[in-house]
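Some notes on the structure that comes next.
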Amino acid sequence: MDHPRALAALIMFLLFSVGDFTAVPQLRRKSQVTGGLCAHLIQSAGFPCTEHQTKTKDGFLLGLQRVSSRSTIVRGEMGLPVLLIHGLFMAGDAWFMNSASQSLGFILADQGFDVWVGNVRGTHWSHGHVSLSVKNKEFWDWSWQELALYDLAEMIRYVNNITKAKIFVVGHSQGTIMSLAAFTNPDIVDMVKAAALLCPISYLDHITSDFVRRLVKIRLDEVILALGIHQLNFKSNMGTQIMDMMCDGHIHCDIWLSAITGKNCFFNDSRIDFYLEYEPNPSSSKNLHHLFQMIRKGSFAMYDYGMWKNLMRYNQPKPPVFDISQIPTSLPLWMGYGGNDALADVIDVQHTLKELKSKPDLLYIEEYGHIDFLLSTRAKTDVYDDMIRFFNSVQKVSSFK
């Protein structure tokens, strides 16, 4: 059931409670992008790209794109597959938002990697469900738990089956939550050669975003669910009006973004109109609730349904934890994190590192915020070159075994 006015009123209250976000000239952006991701962003930049689709165990139809180098010479010597997993309210287009020399998806392809772009359920570049409509509340009955154990698991299986090779996984933000949870499953991790995690998250109890903490404190997630709102879609008519208000006025959208994610020092705010043609993508209210549970409880665990429903689903009163100490030491890991990240806080990253039995390669950039790792104009030099060095070193070691 849709309650746009109730949701809008609630968000408006929150916005005007935390600051002055007066609206002025309206941003111009597309409310819906038509066609495939390949045709929209990738082929137009000169990169060969093909569309793929696979089905999860619970019937969701996921879209993937396969991208290769502009150079015929490099394409003839294509390297190992790399699967890119986006963050919350994003989709696979997030890896191609800047120029070919600045966007990780393009950079990896031109470096000779066999790039696969993942899109989780509910996002624009995925393709619905075998029987459910997006208007059905059951369509949105999932959290990052299902994204990890169903969506990511199926994408890894699909790429592994097509390429006949173990794959590199790259995740950003929610994509790292999915990855770390999935890697506790031996059947999934056996198909992965190595993983690079940008803004790694398995714990969220030390986030420093005052705005997000305010939403958690007033239990916005529970209010939304109580109102019968199952889909969070800022590209709906009401959602677009809210986005216009958030991103206009005497403050800029990048300042609003910084209030949520932390200060992004190298974010190109001149491209905000372009970014907003594609982002944000929909997610589920249940997913937001699960993330807020992580903040409140300080745990990395499955979705908490309450004691009685937990007993029925999990055969125990509390949800099972994802024990990241079970991630095998044989899986090489690389992690990049920043001092200005208000979501993947340094204390929480250190908690993750303490629980892992392996010792990941680490890249710490003091001035980087949450979005810098994805959209910084300097990310190639600051971040991606080191990530690619890591992948090449893993491949080099493997070739001698």
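In this chain, residues are counted from 1 in sequence order.
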Could you give me the CA-CA distance, side-chain angles and deciding distance for Phe168 and Trp334, then say whether ring-ring contact (aromatic ring centres under 6.0 Å, His included) is met? CA-CA 11 Å; Phe168 293 126; Trp334 177 99; over 10 Å; no
Quiz question: by atom type and distance under 3.5 Å, do the side chains of Asp348 and His206 form a donor-acceptor pair? yes
Compute whether any side-chain donor of one residue and acceptor of the other, for Tyr275 and Asn98, lie under 3.5 angstrom apart. yes
Chi angles and distances behind the side-chain hydrogen bond (donor to acceptor under 3.5 Å, both in side chains) call for Asp221, His289: CA-CA 5 Å; Asp221 52 325; His289 186 38; 2.6 Å; yes
Please tell me whether Asp382 and Tyr368 have a donor and an acceptor in their side chains that are separated by less than 3.5 angstrom. yes
Is there a ring-ring contact (aromatic ring centres under 6.0 Å, His included) between Trp95 and Tyr278 once you walk through the steps? CA-CA 12 Å; Trp95 304 103; Tyr278 297 92; over 10 Å; no
Does the cation-pi check pass for Arg219 over Phe292, that is, NZ or CZ under 6.0 Å from the six-membered ring centre and within 45° of its axis? no
Regarding Thr54 and Glu154, do their side chains bring together a donor and an acceptor under 3.5 Å, going by distance alone? yes
Decide whether Ser99 and Ser101 meet the rule of one side-chain donor and one side-chain acceptor closer than 3.5 Å. yes
Are the aromatic ring centres of Phe60 and Phe139 under 6.0 angstrom apart? yes
Just checking, any donor-acceptor pair under 3.5 angstrom between side chains of Glu355 and Tyr203? yes
For Ile201 and Ala344, which heavy atoms make the closest approach, and how far apart are they? CG1-CB, 3.8 Å
Regarding Asp151 and Thr56, do their side chains bring together a donor and an acceptor under 3.5 Å, going by distance alone? no
Measure centre to centre between the rings of His370 and His172, then say whether the value is under 6.0 Å. yes
Regarding Asn264 and Asn340, is there a side-chain donor-to-acceptor distance under 3.5 Å anywhere? no
Using distance alone, with no hydrogens and no angle criterion, decide if Ser283 and Asn287 have a side-chain donor and acceptor under 3.5 Å apart. yes
